[in-house]
There are 2 protein chains.
Amino acid sequence: MSERRRATIQDVADRAGVSKMTVSRVLNDDPKVSDKTRQKVQQIANELNYRPNVSARRLASSKSYFIGLLYDNPSEGYISQFLLGALKSCRAKGYHLVVDEASGESEQQLQITRSLIEETRVDGVILLPPVCDQPEVIEVLKESGVPFIRVAPDTQLDCSPYVCMDDYQAAFEMTQLLINKGHTEIGFIIGNPNQGASRLRYQGYMDALRSNKLAIVPETIEQGYFTYKSGLSAAEKILTSSKRPTAVFASNDDMAAATISVANRLQIKVPDELSVVGYDDTHIAQALWPPLTTVRQPIAEMANRAVELLSSGQVSKERKPKASEYRQVLDFELKSRDSVISPT
Amino acid sequence: MSERRRATIQDVADRAGVSKMTVSRVLNDDPKVSDKTRQKVQQIANELNYRPNVSARRLASSKSYFIGLLYDNPSEGYISQFLLGALKSCRAKGYHLVVDEASGESEQQLQITRSLIEETRVDGVILLPPVCDQPEVIEVLKESGVPFIRVAPDTQLDCSPYVCMDDYQAAFEMTQLLINKGHTEIGFIIGNPNQGASRLRYQGYMDALRSNKLAIVPETIEQGYFTYKSGLSAAEKILTSSKRPTAVFASNDDMAAATISVANRLQIKVPDELSVVGYDDTHIAQALWPPLTTVRQPIAEMANRAVELLSSGQVSKERKPKASEYRQVLDFELKSRDSVISPT
DNA sequence: CTGAAAGCGCTTACAG
DNA sequence: CTGAAAGCGCTTACAG
């Protein structure tokens with residue numbers, strides 16, 4: 001239990017025979033320090049096992065080295081992937097992530113957002129869907145001047161930089177994949193209408209049907225809300241309707257899992273009698289049986305980009321980002337697994 | 001984009017006609033302030049929308065208001081549940097959680113631990129299994145004097161307070177549940193040997209068999225590592241052995257999911273021909289078909305307790321915790337769902 | 001019950 | 001290339 005005081009910048013300066021200022025410069029890679037001095041300081045710092053005090057640094061400089069993350073999303077798989085990605089990315093850049101659930105009433109969301117800005121004094125904020133489209137939250141952020149990045153936003157696309165993927169195109173291609181396998185009756189479970197991605201996926205599905213001149217059958221299209229439970233009732237309606245399709249495309253993996261579950265209960269064999277596909281490629285996609293054909297969203301990569309934009313100073317109070325930095329569209333990937341076969 | 005300076009303690013003091021000290025006292029609920037003064041200060045603070053600067057507070061006081069969380073665990077469901085619980089709990093107590101993955105070589109783990117102590121200067125650390133049993137990590141923590149709480153530790157039980165559940169008892173009861181249903185041939189997939197919980201669960205299973213005078217069949221017991229993939233090969237061996245059991249108890253949900261998947265592939269109907277049970281009650285337990293009978297671990301509650309112990313000062317550098325606070329055993333629950341029926 | 005002083009460990013802005 | 005001074009916004013310890 002040795003309890004020796006930790007070395008401070010002053011200790012290093014004294015031992016190296018220089019001023020605190022010079023030590024600070026070495027620490028921050030300021031180029032205008034002679035190599036000789038730099039080496040000496042670095043050596044002493046090592047010997048003393050010196051670590052700068054983050055709070056002191058925060059207080060003295062204008063930066064807080066905090067990045068806020070606001071979520072409000074029912075899919076645990078999605079959040080945990082994003083969280084882990086962002087956490088890793090922050091650490092690598094000397095930042096800390098402050099995570100808050102911005103759920104509940106709009107007034108409550110506002111309070112949480114304000115606390116992030118005023119108490120934690122974050123250098124930037126990342127907004128996940130659907131909170132990224134809350135006008136009031138955006139307004140508060142804009143007023144405060146704190147830079148923010150949104151993930152897959154749906155509205156006010158010019159109010160902040162954002163990262164996203166092409167949901168329309170992915171849904172189109174996934175539907176096309178089913179059609180290529182020979183499916184002509186394809187059901188669809190729509191995602192929560194509070195997210196733009198839901199609409200885009202739905203449109204991609206519809207347009208793929210249309211461009212293949214396939215009929216759109218309302219009985220096989222149901223509203224879901226991205227939760228497993230909502231998937232259960234949506235799938236039940238689709239699979240017990242008089243026009244039962246040979247394939248179902250669910251707007252996320254959780255609802256696809258629910259669809260498989262309902263099919264099993266109804267003694268409909270997956271994939272033999274029903275192909276099922278999902279969206280996200282979260283953890284459960286590979287834990288289901290059969291393993292789920294799904295769209296891989298680059299979730300961790302999105303987190304990484306968002307943190308990078310904020311920490312690198314590419315986006316900051318002072319600097320408006322360049323147009324090319326404004327909208328980052330990341331690649332998706334169709335993951336073909338065993339939940340799809342040709343209809344018999 | 002209004003960019004007015006944020007109010008400081010000085011501003012509040014000036015406007016209230018008192019010293020900074022008094023404002024500080026009001027803010028920290030110091031009882032020796034007159035009601036009149038207190039009210040006045042509070043009112044002015046509200047008017048000015050004053051928020052204390054966390055970094056300044058950290059620097060001036062001896063506390064950092066940071067709690068570190070070290071994990072090194074392959075089960076995404078487990079981590080994300082713990083993480084979300086801890087995050088919520090920290091926020092409620094004015095702390096921030098600093099999360100690090102302590103994976104890789106032992107040397108690397110040490111470096112991460114040291115950085116948490118020396119750079120972030122956490123007030124306390126939470127250690128998840130299996131990193132909670134790394135002797136070197138524990139050693140560094142003890143030397144530093146930083147209090148730490150471990151979750152489900154296996155070794156050196158007297159070196160820190162810990163939260164856990166009764167893994168032995170839970171596994172015993174779950175096995176008994178299967179036996180009560182009429183199963184006499186019950187396979188088992190062991191968890192990663194780097195965690196004490198694996199051994200306890202295994203023992204609980206064995207003892208339940210023994211106390212019911214059931215034979216222990218080595219061909220139906222396989223080693224797994226808590227990953228879905230390891231569950232796949234373990235289940236394959238058990239289900240293709242000449243002594244195929246009528247039920248399989250997997251040491252976590254991911255491996256149970258893998259067992260169901262293998263059974264499906266081998267045309268073994270679950271639960272009709274094979275009952276399957278898991279452990280943890282993570283997200284996927286209810287997303288599988290059939291919904292998984294499993295042991296609910298109070299993961300979020302464990303997180304909450306751990307944060308509470310650290311933030312409340314019940315455990316700190318100065319104060320050794322009382323014996324009753326040292327070991328907190330939380331309740332588990334058997335979740336009966338549809339993956340178990342009586343054998344035919 | 002209240003306050004003046006000193007200091008936490010850094011960085012910014014200014015000199016030289 | 002280097003340093004002395006001032007200050008970031010709080011709290012601790014001491015007086016009264």
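Labels below follow one simple rule: chain letters A, B, ... track the order of the sequence lines, proteins then strands, and each chain is numbered from 1.
- The interatomic distance linking B/Arg38 (CZ) with C/dC1 (C1') rounds to 11 Å, in whole Å.
- Under the Watson-Crick or G-U wobble criterion, with both distances below 3.5 Å, C/dA13 is left unpaired in every strand shown.
- Applying the 4.0 Å criterion to OP1 and OP2 of D/dG3, one finds that A/Ser19 has a side-chain N or O inside that range.
- Using a 4.0 Å heavy-atom cutoff across all strands shown, A/Thr37 reaches sugar-phosphate atoms only and no base atom.
- Judged by the 6.0 Å and 45° rule, A/Arg58 forms a cation-pi pair with A/Phe66.
- Residue B/Val18 places its side chain closer to C/dG3 than to any other of C/dG9, D/dC10, C/dG3.
- In this structure, CD of B/Gln10 is placed 13 Å from P of C/dA5, rounded to the nearest angstrom.
- An OP1 or OP2 oxygen of D/dC10 is reached within less than 4.0 angstrom by a side-chain nitrogen or oxygen of B/Tyr50.
- Taking atom CG of A/Asn53 as the reference point, atom C1' of C/dG7 lies 13 Å away to the nearest angstrom.
- When the side-chain nitrogen and oxygen atoms of A/Ser34 are compared with OP1 and OP2 of D/dT2, one or more of them lie within a distance under 4.0 Å.
- The side chain of B/Thr22 contributes no N or O atom lying less than 4.0 Å from OP1 or OP2 of C/dC1.
- Side-chain contact check for B/Glu47 and B/Gln43: at least one donor-acceptor pair (N or O, by modelled atom type) lies under 3.5 Å.
- D/dT2 atom P lies 15 Å from atom CG of A/Leu27, rounded to whole Å.
- At the phosphate of C/dT11, neither OP1 nor OP2 sits under 4.0 Å from any side-chain N or O atom of A/Ser61.
- Here the side chain of B/Asn28 pairs no donor or acceptor atom with the backbone of B/Arg25 at under 3.5 angstrom.
- Nearest-nucleotide positions on DNA chain D for A/Met21 and A/Pro31 put A/Pro31 closer to the 5' end.
- Side-chain proximity of B/Ala56 to the nucleotides D/dC8, D/dT2, D/dG9 is greatest for D/dG9.
- A donor-acceptor pair is defined here as one N or O able to donate and one able to accept, closer than 3.5 Å; no such pair exists between the side chain of B/Ser89 and the backbone of B/Gly85.
- When the options A/Arg327, A/Arg150, A/Gln328 are evaluated for a side-chain hydrogen bond (donor to acceptor under 3.5 Å, both in side chains) with A/Tyr162, the one that passes is A/Arg327.
- The base of D/dG3 is paired with the side chain of A/Arg25 by a donor and an acceptor separated by under 3.5 Å.
- Taking 4.0 angstrom as the limit, B/Asn28 places a side-chain polar atom (N or O) nearer than this to OP1 or OP2 of D/dT11.
- Checking A/Ser24 against B/Asp35, the closest nucleotide of DNA chain C that is more toward the 5' end is the one next to B/Asp35.
- Spacing between atom CG of A/Leu59 and atom P of C/dG9 amounts to 12 Å, rounded to whole angstrom units.
- A 3.5 Å limit on both hydrogen-bonding distances identifies no Watson-Crick or G-U partner for D/dA4.
- Here the C1' atom of nucleotide D/dC8 and the CZ atom of A/Arg58 are 14 Å apart, to the nearest Å.
- For A/Asn304 (side chain) and A/Ala300 (main-chain N/O), no donor-acceptor pair under 3.5 Å exists by modelled atom type.
- The NZ-C1' distance, from A/Lys32 to C/dA13, rounds to 12 Å in whole Å.
- Rounded to whole angstrom, the span from the NZ atom of A/Lys20 across to the C1' atom of C/dG7 amounts to 11 Å.
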